[in-house]
Trainee: 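Here it is, the structure, as structure tokens.
Quantities reported herein were computed from a predicted structural model and do not represent experimental measurements.
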Amino acid sequence: EDLFEQNHWEYHPQTIIRREINTNGKSRAFINDSPVTLDGLKTLGTQLLDVHSQNDSLKLGGQHFQRDVLDIFGQHRTLVEEYQQQFNKWSQLKEESHQLISESKQRQQEADYKNFLLKELEAVSLDTVAQEQLESSLKVMEHAEEIKINLQGCLQLLEVGEFNVEEQLAAAIQMLNKIQQYALPYDALKERLESTLIEIKDIANELQDLDDRIEHNPKQIQELQSQLDGIYRLQNKHSVDSVEALIEIRDQLDKESNKLEYLEQSIQELQVKINKAETGMIALGTELQARRKDTFPHFKQCMEDLLNKLGMEKSNLQCSFENTSPGPFGLERIQWLFSANKGVEPQPLKKVASGGEFSRLMFCVKYLIADKVSLPTIIFDEIDTGISGEVALQMIDMMQEMARNHQVVTISHLPQFAAKGDHHYYVYKESDSITTSSGIKKLTNQERLEEIAKMLGGNNPSDIALANARELMGAEE
């Protein structure tokens, strides 16, 4: 029911699975009239049905399958899930750490260059630089001689020369002073000339001050030129045209430098979480490994007892536990070692087990774990290959025992199997001039007797074959 809720399927105690296939090849699938995908059908099918075929026996040689069988037999499911949750948490944290470290390395490579740029910008003391003032000062120093000549020329004209402006204005003021009483305009003009003379003297003083301050200093010119060259180079390098823009770039680089420090701190904090998750994972993995080791002796005894019933009296099943780095299923690699004959050292199943031995081994595994996984239906597809006599009868007894709690379907060509079943279905093919179709039919007791006789003696069974069939079916009663 939980599975139905997880997948939002309509749940009923009796489940009907339906699939419609159109003539154009398209199909639709339903579970209790809820439309589902084929993957959804497969998900449900694995919970309802186990099909054992000859190819299925080959799975037994795989280490993953051997581990899963041991966990099912030992009822380790809860512990396995707890371990896997912790392993996934540890793996996810490690992946996050790898990504942060990779990002950190990439940023570090970029940071080396950006730190170089930052130091270049910080070395210029941009906050105190007035670019226009520097450019103006440099221009004045570079033309100091020309400026001094012209300033001194102005002073010569204004106050130093034989006919300087100040003396000329003073003379003019003196002349107007003599006639100011005759008319108001003369007095007004005199006042204006006096104001002009004051302004001229003030200008002359400023010119003199400027002239005194101007000095052709090659060393200072070189320092100013070097400072400006540094600013121009940085502006060209960063494709900007102002000191303010350089300051913005410098501040941004400084922020990015702080981000890298934060990233390193995040990596350290993440490592603490990884160590904690790893400790929990190792503890659960160690407990799971101990449980598996404790489970195997009982599993071994049960398997060897069953194999003995199936004619493999000298069978010897061992298990190796090889420690490995943590994986999604534990801390060890599990491998079954098997020998069917006395005096033969157990080896990996793939190397020593024949097809018939594989088949019997797998049958015993299914027999042991059937109740523990609660599968409603188990299908054995020609499990009887290479089996006959007493071994077949023992296998039939085991199937009948399984059938007490499960629906067991056996596809078989052995008459003993057919005779022991609760029901007998006959699969056949029919052909006409155009098509061939397959069919299945549930046999009556008489039809069943005839079919088992055919399995014993061919299509035209003799009286002896019919008698043998009747005996086999009678043994069932």
Trainee: Taking NZ, NE, NH1 and NH2 as the nitrogens, is one of them in Lys273 or Glu269 under 4.0 Å from a carboxylate oxygen of the other?
Mentor: no
Trainee: Side chains of Thr15 and Leu48, heavy atoms from C-beta outward: is any pair under 4.5 Å?
Mentor: no
Trainee: What residues, two or more places apart in sequence or in another chain, satisfy salt bridge (charged side-chain N to carboxylate O under 4.0 Å, His left out) together with Glu20?
Mentor: Arg18, Arg28
Trainee: Is the count of non-hydrogen atoms from other residues, nucleotides or ligands lying under 6.0 Å from Ile17 atom CD1 greater than 12?
Mentor: yes
Trainee: How far does CD of Glu287 sit from CG of Leu79, to the nearest 0.5 angstrom?
Mentor: 5.0 Å
Trainee: Is a side-chain donor-acceptor pair under 3.5 Å present for Glu390 with Gln394?
Mentor: yes
Trainee: Using 30° and 60° as the class limits, which term best fits the ring planes of Phe380 and Phe363: parallel, tilted or perpendicular?
Mentor: tilted
Trainee: Which residue is it: Phe358, Phe299, Phe65? I am looking for the one with a ring-ring contact (aromatic ring centres under 6.0 Å, His included) to Trp336.
Mentor: Phe299
Trainee: Identify the two heavy atoms, one from Leu307 and one from Cys364, that lie closest to each other, and give their separation to 0.1 Å.
Mentor: CD2-SG, 3.8 Å
Trainee: Mind checking the CG-OG spacing from Leu456 to Ser462? Nearest 0.5 Å is all I need.
Mentor: 9.0 Å
Trainee: Among side-chain atoms of Gln85 and Glu81, is any donor-acceptor pair under 3.5 angstrom?
Mentor: no
Trainee: Heavy atoms only: give me the nearest Met473-Arg448 pair and the separation to one decimal.
Mentor: CE-CD, 4.0 Å
Trainee: Measure from the side-chain N and O atoms of Asp432 to the backbone N and O of Ile434, and report whether any donor-acceptor pair falls under 3.5 Å.
Mentor: yes
Trainee: Should the ring pair Tyr83 and Phe87 be called parallel, tilted or perpendicular, given that the plane angle runs from 0 to 90° and is split at 30 and 60?
Mentor: parallel
Trainee: side-chain contact (heavy atoms from CB on, under 4.5 Å) between Val365 and Phe73: does it pass, once the steps are laid out?
Mentor: CA-CA 9 Å; Val365 167; Phe73 183 81; over 6 Å; no
Trainee: Grab the two heavy atoms, one from Gln318 and one from Pro346, that are nearest each other, plus how far apart they are.
Mentor: CG-CG, 3.9 Å
Trainee: For Gln75, does the CD atom have more than 12 heavy-atom neighbours from other residues, nucleotides or ligands under 6.0 Å away?
Mentor: yes
Trainee: With rounding to the nearest 0.5 Å, note down the distance linking CD1 in Ile379 to NZ in Lys366.
Mentor: 10.5 Å
Trainee: Which pair of heavy atoms, one from Ser339 and one from Val344, lies closest together, and at what distance?
Mentor: OG-O, 2.8 Å
Trainee: For the residue pair Asn275 / Gln271, report whether a side-chain donor-acceptor contact shorter than 3.5 Å exists.
Mentor: yes
Trainee: If you count heavy atoms of other groups shown closer than 6.0 angstrom to CG of Asn460, is the number above 12?
Mentor: no
Trainee: Given 3.5 Å as the limit, does a donor-acceptor pair link the side chain of Arg291 with the main chain of His76, or not?
Mentor: no
Trainee: Counting heavy atoms not belonging to Ile16, are there more than 12 under 6.0 Å from its CD1?
Mentor: no
Trainee: Can you tell me if CG on Asp463 sees more than 12 non-hydrogen neighbours from other groups inside 6.0 Å?
Mentor: no
Trainee: Tell me if a side-chain donor or acceptor on Asn24 pairs with a main-chain N or O of Lys26 at a distance below 3.5 Å.
Mentor: yes
Trainee: Just so I know, are the side chains of Asn323 and Gln289 near enough to count as touching, which here means a heavy-atom distance under 4.5 Å?
Mentor: yes
Trainee: Mind checking the OG-CD spacing from Ser97 to Gln92? Nearest 0.5 Å is all I need.
Mentor: 12.5 Å
Trainee: Calculate, to the nearest 0.5 Å, the distance between atoms CG and SG belonging to Leu70 and Cys319 respectively.
Mentor: 6.0 Å
Trainee: Residues in side chain to side chain contact (heavy atoms under 4.5 Å, CB included) with Arg67, at least two apart?
Mentor: His64, Asp71, Arg292, Phe329, Ile334
Trainee: Any luck finding a side-chain donor-acceptor pair between Asp305 and Gln301 under 3.5 Å?
Mentor: yes
Trainee: Specify the closest pair of heavy atoms between Gly40 and Trp9, including all atoms of both residues, with the distance to one decimal.
Mentor: O-CH2, 3.5 Å
Trainee: Any side-chain heavy atom of Glu304 sitting closer than 4.5 Å to one from Asn316?
Mentor: yes
